[in-house]
Protein chains: 2
Amino acid sequence: MKDQDAKTLSNTQRAVRDLRQMILSGELAAGTDHLESELAETLGMSRTPIREAALMLESKGLLEMRPRKGVRILPVSSDDMREIYDILTELESLAAQRAAEAGYCEDELAVLAGSIAKMDQAIEAEDLEAWAEADELFHQELVRLGGNKRVEAIVAMMSDQVRRARATTLFIRPLPVKSNEDHRVVFQAISEGRPDAARERHREHRLQAQAMLCGILEKHRLNSL
Amino acid sequence: MKDQDAKTLSNTQRAVRDLRQMILSGELAAGTDHLESELAETLGMSRTPIREAALMLESKGLLEMRPRKGVRILPVSSDDMREIYDILTELESLAAQRAAEAGYCEDELAVLAGSIAKMDQAIEAEDLEAWAEADELFHQELVRLGGNKRVEAIVAMMSDQVRRARATTLFIRPLPVKSNEDHRVVFQAISEGRPDAARERHREHRLQAQAMLCGILEKHRLNSL
DNA sequence: GCATTTATTTGCGTATACATTAAAGAATGC
DNA sequence: GCATTCTTTAATGTATACGCAAATAAATGC
């Protein structure tokens, strides 16, 4: 672990990983500013790798570098959420379609099936954190099965941008029972090789998630997560 | 011009701009490797801004930084082209739909209309370069009208990745007469506020472009543009 | 007192230096 | 002659230094 950390990874890569983690966990709160030198000290390295990491995270939409004002952790508004979910809807639906077209066999779909099982258990136990984790796995695996690396990268990027918001909304939203039902139907369509069904059902699934989430954000006036 | 260059832009920004241009123009050919120090000398600056620029271009998919091997200009294969066009198809269709929903008035659609006119003229004159330029403007403006900044950024990124390939295929492919017809239909649908029609027609338009381009690439064994 | 100008500070952009380490080349043993 | 080890080279990753410009504080004029 520490080996991997110190040996194979460059400081720049560690900085990317650690800063990302700190942003997703909220340790670096949305909307806050941080000097390059502060971050450098925090992570125990010089400004150079910090700058390089910040540049990368900037192009991933997690922060913004503003001369003299420091690195700003970007907040996510409900408008941002709409933009992001629009993209997730389109690209994940495509992935679902492609996955269905690919004609995967049962054990190639094992991870996807597993994630659904985990979500069911989590709902049973009313463990929202576990559900969220399994949900994330489902979407990630779905996109992987879609077989388009660029889609995978874009979806991962968009997911990062909303992860903070999910932590907040998770406990406000209704129990995601309907969501699980959707996942099952999408899975069925994929395993039976029905591309149109997979695509359409997943699309509806995402549109509903978007409406629900944006609804909550606006209702609670949560405008910079 | 030179003012903008020297005064307001940082060396890093200039490096991003210039390297991008050199890649798109083919001055830095696909598949070639370049040392950071060479690039630094070429652009008349130190390695620091070059590295920062390279990092940014790496996350835009134009190059890859490989330790000890230098900066590699990424080639685009026909598989890459498929991935990219799949994404362009989904996101631009969404943009077309949203543009139609937005109910833009005539002069908000002037640029779009203008680009179509330019394409018609270009076809008339059989000026493929001019056509390509106008085509690019059409797609860019369409996405802008879609009103999703993230979609705009992603589409721009994907467009950059295929631009090199277009220069090659432009003179192999048939005269894009059908393409112009498509643009007109999409425009009509947008200006008349028919989202579904705009979306579907644009989708078909892109699917055909994809089939045509990938077909050409495979037929001519052009596999690293 | 308030506005305007002048110091001062401070953070960034960038050049530069250097240690590290992978790759290439030379030398050795068989 | 071929494989293997040792040298050497060279490119990167990172620390550091420094000039410059922007933001802040101080000082001056009114």
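These values consider heavy atoms only, across backbone and side chains, with no hydrogens, waters or symmetry-generated copies. Letters A, B, ... are given to chains in the order of the sequence lines, protein chains preceding strands, and every chain is numbered from 1.
- For B:Arg68 against D:dA11, a side-chain N or O and a base N or O form a donor-acceptor pair under 3.5 Å.
- In summary, A:Arg82 and A:Glu218 engage in a salt bridge, as defined by a charged side-chain N under 4.0 Å from a carboxylate O.
- In this structure, B:Glu58 places its CD atom 13 Å from P of D:dT12, rounding to the nearest Å.
- Less than 4.0 Å separates DNA chain D from at least one heavy atom of each of the following residues of residues 30-54 of chain B: B:Leu35, B:Glu36, B:Arg47, B:Arg51.
- Look at B:Arg163 and B:Glu136 and you find a salt bridge, because one of the NZ, NE, NH1 or NH2 atoms lies within 4.0 Å of a carboxylate O, short of that distance.
- Regarding contacts with the backbone of D:dT12, every side-chain N or O of A:Ser10 stays at 4.0 angstrom or more from both OP1 and OP2.
- Atom-to-atom, CG of A:Leu9 to P of C:dT20 comes out at 18 Å; the value is rounded to the nearest Å.
- Residue pairs meeting the salt bridge (charged side-chain N to carboxylate O under 4.0 Å, His left out) criterion with at least one partner in residues 140-155 of chain A, sequence neighbours excluded, are A:Glu141-A:Arg144, A:Lys149-A:Glu152, A:Arg150-B:Asp80, A:Arg150-B:Glu83.
- Using a cutoff of 4.0 Å between basic side-chain nitrogens and carboxylate oxygens, A:Glu64 and A:Lys69 are not scored as salt-bridged.
- Remark: P of C:dT10 and NZ of A:Lys69 are 18 Å apart, rounded to the nearest angstrom.
- A salt bridge links B:Glu90 to B:Arg203: at least one charged side-chain nitrogen sits closer than 4.0 Å to a carboxylate oxygen.
- Between C:dG13 and B:Asn11, no contact under 4.0 Å exists linking OP1 or OP2 to a side-chain N or O.
- The shortest heavy-atom contact between A:Gln161 and A:Ile84 is OE1-CD1, 3.5 Å.
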